[in-house]
Structures are given as structure tokens and as C-alpha cells.
Amino acid sequence: MLDRDACLALDADDPLRGFRDEFVVPEGEIYLVGNSLGALPRRTAERVRAAVEDEWGRELVGGWNSAGWYDQPLTTGDRLAPLIGAGPGTVVVGNTTSIAVYQAVNAAVRLRPERRVIVLDRANFPTDNYMVQALPGYEVRDFAEGRFDDAAAVLLSEVDYRTGARHDVDAVTAEVRAAGAMMIWDVCHSVGALQVDVSAADFAVGCTYKYLNGGPGAPAFLYVNPRHQGEAVNVLSGWYSHAEPFAFEGDFRPADGIRRFTVSTPHVLSFAALEAALDVWERVDLAQVRAKSMALTSLFIELVGDRLELASPAEAERRGSQVSFYHPDGYPVMRALIDHGVHGDFRAPDILRFGFAPLYTRYADVHAAAEIVAEVLGKDLWRDPKYAQRLAVT
Ligand SMILES: *Cc1c(COP(=O)(O)O)cnc(C)c1O
């Protein structure tokens, strides 16, 4: 078992060690929630200040042209595309993941008009399933049934938000497409954590505020495979997706290419923060991120040992970048851990989640976190009644 000195040695040898200084990580706290809200990149404050004072303040409405605001959904999409294995002109940024799910599923089922089944995983993040359950005229089937031959579309998360279990994207995509169904991946919990490649899929969606560090409320993204771009319909046909938005025509005509999947005015100030985060990602080797992520999660599992029951796959290849454990009193345990400086989160009914963002989490942090877990559990510190009181956001 690795001791603290061995962890410090791993940190000294880490090819990603230089990135930690590019983030604001509170001193003395171990932040293992980068899978929910990524840490603040140091360069973000200046980029947002520039967007507010230099662009909005000085250019005013001219910023739509001079500062490139108008094309932000597309230019940012092209910058993000390499992080999901996609090429230029295939990704649009804006709105939220839920909205992108709605666009992707509606476009997918219209490409298979003779089929009336949508396959969902019970393990999907609830919003993905909620958005689809609202679609009239479709039967919903559970992915576990493994039948796709009459399905219009299959919507899955690459990495399970609760357990961190990872699907084999290539294998599932091939099976679903061979059955004639459209494959839609949600990569919220994998983008920025591993080498995502959705290029064989029909559609993909994801958010940018988790491992990508785009900031609270950062815009989401939608990937549309080029093979569908001529035919696929955007059900949220706002003025931005019109062939000539500034012709202000009375009737809708869709734009060509990925612009068709924009909806309306981009959230310019949120894009500024995301752009600063992408300045960091442009210099990151995702193979190094994945290697470190597997090492950090494996180390945490090893150091926590049998103090907690593992809810994540034991094999690193089959996990994303988080480790989850079951505990019947998960809520007070997590509150106690946070009070002692280890920030994870709790997912009802009984899951403790710890996310390991490889750009700013060190091996020594993992070691210290495991020691605090041992203390909080070993000394029953979590039984203090003050930890039982529920906060609004867990
Ligand atoms: C975080 C997350 C979302 C969030 O959806 P929003 O519309 O951005 O609130 C959706 N799906 C998955 C899988 C997620 O992990």
C-alpha cells in the first residue's frame, strides 16, 4: 500500500503536475466534486472581465460582429470537438444538456419515422429520461432488455453519474446501429475525464461545467454526425437556426450544416468563462488524463479498503473518473467528511461520490482524503446529530 511519501513522489513525476497551478483550489480543502462543478481556472476571471468591460462595455452592440459573439455557438463547438473525438462543423454549443437531449432525441426519432420505441437506461441521469418521457406517441423501453431491432433511438450515458460505471461506447454504438436504431450518447460524466470518441454515434450531448471547468451554468453542447446534417430536423427552430437570420423572413427555413442546431441568442458571458477553460484543455493530453484518472481512482479504492462497500466497478478500465461507495447513512457521513475537509457529494438513497479531476487533484490529496475517511468512519464522527440535517442541494 502506498504511503504519503510514495504519493508525493508520484506527484513529482506526474506529467500533468503543472496544471494544478492553473486552478483556484482552496487551501486545506480536498475538492473531489470536479465531476459536478469543475474548479475555477485562474485565467477565467480575466477573460470574463474582458468580455464585460472590453467587449460589452466598449463595443456595445458592435460586439456581435467585432467580438465574434454571433458565431460563438459554432466557434466554441469547433474548439470543443477534439475533446469528444469529433471534427469541425459537427458540434454546436449553447443552452443546457436537457435542451440538447430534447433536440437530439427529436431529431433521431424523425430519422426513423416507422419506429415508435425509445430505449432509455434506468441509470441515466433523470433529466435525460424526463425529457424523453414527455414525447407523445412513443413507448419507452429499458436498455437492460437489450432489444433494439424496433427502436428508433437509444439514449445512454457513457459514464453512470451514480456509480461511475462506463459503457463501451464503440461496442454499444455498433450494436445499436446494426439494429437500425439511432445512438445518442450523453457524455456529461466522461468529457474531460477520458478520451471520449462519439464520432461513430448519431448524436451526442454533454455539459461543460463538470470536468471541463466552464463554470456554473456553462453552456452545453450537441454533436450531430455529418451523415445526418442535411436531413436532421431541429425541433427548437429558433431564429438563430434559420438559413438567413437577419433576413427576418416570415417563415422558417433551416440553415445548412451544424448552425441548424443552434436555437437563439448565445449566453455570451458564460461563453467567455468556457473559452478560458478551453484555453487550458487545448494544451492537455487526454491519454495522460485518463492514465492519471485510473491511477487516482484505483489508489483511493485501495486506501479506503473495506471501510466502505464499493459501488463503482473494481476494474479501472470500466470506470469513469469517480469512485462511489454505498453507505446506509451516506448523507451524514458525507456532511462529516466535508466538515473535515474532504468534499465529495451524496446521491440518494445511499451513494457517496468522489470525483477525481486529474488536472488539479494530486496523489497526496487522495492519500489525505482516505485518511480522513478512515478517521470519520473509525471514530464514528458522522454520528454527531448536526450532520443529519438536510441542506437543499446535496
Ligand atoms: C449533469 C448532467 C446533466 C445536467 O443537465 P442540465 O440540463 O445541464 O442541468 C444531464 N445529464 C447528465 C448525464 C449529467 O451528468
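Nothing fancy with the numbering, it's 1 onward along the sequence. As the structure lists them, so they are numbered: ligands from 1, and atoms in each ligand from 1.
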query = Which hydrophobic side chains are connected to L60, either touching it within the sub-4.5 Å cutoff or through other members that do?
reply = V48, V52, W56, V61, W64, W69, Y70, W239, Y240, F246, F248, V268, L269

query = Got a salt bridge between R253 and E244, using NZ or NE/NH1/NH2 to carboxylate O under 4.0 Å?
reply = yes

request  = Return the minimal non-hydrogen interatomic distance between D11 and Y363, and the atom names on each side.
outcome  =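 Heavy atoms of D11 and Y363 come nearest at OD1-N, 2.7 Å.
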
Minimum heavy-atom distance between V119 and D142, given as atom pair plus value =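 Closest heavy-atom pair between V119 and D142: CG1-C, 4.1 Å.
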
task = Group every Ile, Leu, Val, Met, Phe, Trp and Tyr by side-chain heavy-atom contacts under 4.5 Å, then state whether V366 and F325 land in the same group.
result =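 Yes, it is one cluster - the side chains of V366 and F325 are joined through contacts under 4.5 Å.
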
List ligand 1's nitrogen or oxygen atoms that come under 3.5 Å of a protein nitrogen or oxygen, with the partner atom and distance.
| from | atom 1 | to | atom 2 | distance (Å) |
| --- | --- | --- | --- | --- |
| ligand 1 | 7 (O) | T97 | N | 3.4 |
| ligand 1 | 7 (O) | S98 | N | 2.9 |
| ligand 1 | 7 (O) | S98 | OG | 2.6 |
| ligand 1 | 8 (O) | T97 | OG1 | 3.3 |
| ligand 1 | 8 (O) | Y209 | OH | 2.9 |
| ligand 1 | 11 (N) | D128 | OD1 | 3.0 |
| ligand 1 | 11 (N) | D186 | OD2 | 3.0 |
| ligand 1 | 15 (O) | H189 | NE2 | 3.1 |
| ligand 1 | 15 (O) | K210 | NZ | 2.4 |

inquiry  = Check this for me: R116, atom CZ, are more than 12 non-hydrogen atoms of other residues, nucleotides or ligands nearer than 6.0 Å?
reply    =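 More than 12 heavy atoms, drawn from other residues, nucleotides or ligands, come within 6.0 Å of this atom.
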
